[in-house]
Number of protein chains: 2
Amino acid sequence: MSGEGERTQSQTVKALLSLRELILSGALGAGERISELAMVDRLGVSRTPLRTALVKLEQEGLIEEIPSGGYAARAFEERDIFDSIEIRGTLEGLAARLAAERGASPMRLAGVKDCVSAIDEIIGRGAMSAEDFADYVPLNARFHAMLLDLAQSEPLRREVERATSLPFASPSGFVLAQASLPESQRILVIAQEHHRAVIDAIQNREGTRAESIMREHARLAHRNLQLALRSASLALVPGAALIRRAGG
Amino acid sequence: MSGEGERTQSQTVKALLSLRELILSGALGAGERISELAMVDRLGVSRTPLRTALVKLEQEGLIEEIPSGGYAARAFEERDIFDSIEIRGTLEGLAARLAAERGASPMRLAGVKDCVSAIDEIIGRGAMSAEDFADYVPLNARFHAMLLDLAQSEPLRREVERATSLPFASPSGFVLAQASLPESQRILVIAQEHHRAVIDAIQNREGTRAESIMREHARLAHRNLQLALRSASLALVPGAALIRRAGG
DNA sequence: TATAACGATGTTGTATACAGAAAGCCGCAT
DNA sequence: ATGCGGCTTTCTGTATACAACATCGTTATA
């Protein structure tokens with residue numbers, strides 16, 4: 001974990017990270033072609049690694065091929081986001097079911113429980129500040145990653161990682177938007193109940209229950225999506241610039 | 001094959017298709033590095049489109065990055081294939097549920113029914129020949145594609161297409177292996193019952209039922225996987241060379 | 001004999017040159 | 001004013017050159 005570890009990153013990775021950030025920030029108009037030469041100037045890499053990054057981002061779903069050549073940033077309807085969340089919930093449900101059916105070692109389960117306890121501590125602080133939310137997000141991500149590990153399925157891991165690469169489909173996508181909402185505390189309490197319940201289900205080998213819980217858990221994000229879309233906090237969710245509002 | 005009919009396809013597509021075929025045929029040993037220069041000679045394209053194809057195949061899951069650079073063909077355990085089939089079933093189940101909940105237009109439903117009828121005709125021929133199976137495979141693929149369309153969800157379409165890009169996870173992956181098995185006729189009859197039942201469920205807006213049916217439908221592939229792995233017909237399934245048998 | 005250092009060779013990652021095609025622009029005719 | 005045609009410019013897709021790096025065989029030494 002040395003600090004200079006980032007210095008030796010390849011040009012391709014550099015291009016990928018910068019480009020993704022650029023796209024998510026909305027700096028590139030959705031639908032219009034991303035000029036490679038312009039990006040070369042902007043990112044300081046040559047066209048070769050840049051094009052590699054473009055191919056990867058296309059597979060990721062963030063950009064799409066233009067029939068006449070090149071790529072353009074995609075725009076997402078509310079429904080696309082809804083469906084992406086539903087897909088994530090379904091796959092996480094599958095992960096939970098497999099974990100329950102195949103059995104999770106006590107050691108791994110203990111690790112997940114520790115994670116939940118750490119979240120408990122944050123929620124227990126009462127009225128949560130912005131920093132509290134900043135503490136929450138990585139822990140929440142960690143919980144979801146550990147749950148995925150419990151299924152011990154490499155194909156599923158790949159699929160979930162891909163499904164959550166769209167930022168608004170990820171478990172933490174709308175958490176930050178939540179922070180500014182009055183309902184936030186209540187939603188987190190419910191989410192935490194889900195976390196605890198799914199562990200219980202897995203421990204008891206209750207596959208169907210575990211699956212249902214994770215599905216319902218993802219549906220909290222649906223609600224957050226609705227709330228965020230109808231409030232000013234939308235700007236807090238990464239990639240918000242790519243969301244095409246129904247009104248126009 | 002050496003005809004000029006395909007002249008308009010790009011070098012990248014050419015490289016992608018040829019490489020995929022090479023990998024699936026097992027011509028490239030799993031785990032060992034795919035030499036770009038060797039592929040350049042073999043496929044007749046330059047390194048640039050070849051590398052683009054490699055990146056795409058890596059996202060597809062057919063090859064993996066080697067830490068020291070380059071890519072290698074992946075090997076798949078029986079469990080990986082099992083899980084991939086389970087993932088497909090889960091996602092197709094989601095598609096069926098969404099189609100049921102959101103409603104499918106009578107016109108689209110009629111198209112799916114036509115497809116089922118066409119399959120009926122094939123199965124009705126009695127003892128099926130190899131050509132009968134050759135007729136069956138594209139129709140079966142068409143059914144699954146149409147079902148996916150019924151959900152009218154672009155994110156889900158992308159995800160399913162990706163999940164089925166692994167040949168042994170695709171709906172038609174083990175059908176050809178099935179052909180040589182005595183149980184084949186019975187399995188097809190059951191599969192067809194599933195096809196009919198899921199349409200009925202969607203038509204009646206029975207989301208949960210539609211979902212369960214598609215999950216169970218994919219589990220037929222599990223059985224086929226077991227049978228194929230324990231018989232000589234394994235060679236018929238595309239990508240069989242990538243399957244690492246438990247024994248060895 | 002085993003091991004470590006070293007050099008030769010081949011490899012990938014990156015930059016760049018080039019050709020063909022798309023897109024925009026200007027002028028012209030209606 | 002508007003649509004069309006041809007031209008120019010710019011772009012992408014592809015090939016290739018080059019440098020840093022990994023790999024492997026060889027040799028010398030303990």
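What you see is a predicted model; the values in this text were computed from it and never measured. Heavy atoms only: backbone and side chains are in, while hydrogens, waters and symmetry mates are out.
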Donor-acceptor pairs under 3.5 angstrom involving side-chain atoms of residues 87-99 of chain B: please list them, not counting sequence neighbours.
residue: B:Arg88; atom: NE; partner: B:Ala169; partner atom: O; Å: 2.4
residue: B:Arg88; atom: NH1; partner: B:Glu92; partner atom: OE1; Å: 3.2
residue: B:Thr90; atom: OG1; partner: B:Glu86; partner atom: O; Å: 2.8
residue: B:Glu92; atom: OE1; partner: B:His144; partner atom: ND1; Å: 3.4
residue: B:Glu92; atom: OE2; partner: B:His144; partner atom: ND1; Å: 2.8
residue: B:Arg97; atom: NE; partner: B:Glu211; partner atom: OE1; Å: 3.2
residue: B:Arg97; atom: NH1; partner: B:Glu101; partner atom: OE1; Å: 3.2
residue: B:Arg97; atom: NH1; partner: B:Glu101; partner atom: OE2; Å: 3.1
residue: B:Arg97; atom: NH2; partner: A:Glu86; partner atom: OE2; Å: 2.7

Can you tell whether the side chains of [X] and [Y] come within less than 4.0 Å, N to carboxylate O?
X	Y	result
B:Arg162	A:Glu159	yes
B:Asp83	A:Arg102	yes
B:Arg158	B:Glu161	no

Between [X] ([atom1]) and [N] ([atom2]), how many Å, whole number?
X	N	atom1	atom2	value
B:Leu50	D:dT14	CG	P	12 Å
A:Gln11	D:dC21	CD	P	13 Å
A:Tyr71	D:dT12	OH	C1'	10 Å
B:Ile34	C:dG10	CD1	C1'	17 Å
B:Lys14	D:dT14	NZ	P	11 Å
A:Glu32	D:dC11	CD	P	13 Å

Is it the case that the base of D:dT16 and the side chain of B:Thr48 share a donor-acceptor contact (distance under 3.5 Å, atom types as modelled)?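 For B:Thr48, whose side chain was compared with the base of D:dT16, there is a donor-acceptor pair (under 3.5 Å).
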For A:Phe82 and A:His222, take the angle between the two ring planes, folded into 0 to 90°, and tell me which bin it lands in: parallel under 30, tilted 30 to 60, perpendicular over 60.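 Parallel, since the angle between the ring planes stays under 30°.
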Taking the nucleotide of DNA chain C with the closest heavy atom to each, which residue, A:Ile66 or B:Arg47, is nearer the 5' end?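 Upstream on the strand: B:Arg47.
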Heavy-atom side-chain contact between B:Leu225 and B:Val237 under 4.5 Å: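 Not in contact.
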Any side-chain N or O of A:Ser68 under 4.0 Å from OP1/OP2 of D:dT12?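 Checking A:Ser68 against D:dT12: no side-chain N or O falls below 4.0 Å of OP1 or OP2.
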Does any N or O in the side chain of A:Arg20 come within less than 3.5 Å of the main-chain N or O of A:Leu57, such that one atom is a donor and the other an acceptor?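 No: the side chain of A:Arg20 does not pair with the backbone of A:Leu57.
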A:Thr52 near the nucleic acid: base, sugar-phosphate alone, or nothing, with a heavy-atom cut-off under 4.0 Å?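 No contact at all - A:Thr52 keeps every heavy atom at 4.0 Å or more from the nucleic acid.
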Neighbours of DNA chain C within residues 35-44 of chain B, by heavy-atom distance under 4.0 Å: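 Contacts with DNA chain C under 4.0 Å: B:Ser35, B:Glu36, B:Leu37.
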Please determine, for the side chain of A:Ser10, which listed nucleotide (C:dT14, C:dT11, D:dA15) has the closest atom?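 The answer is C:dT14, which lies nearest to the side chain.
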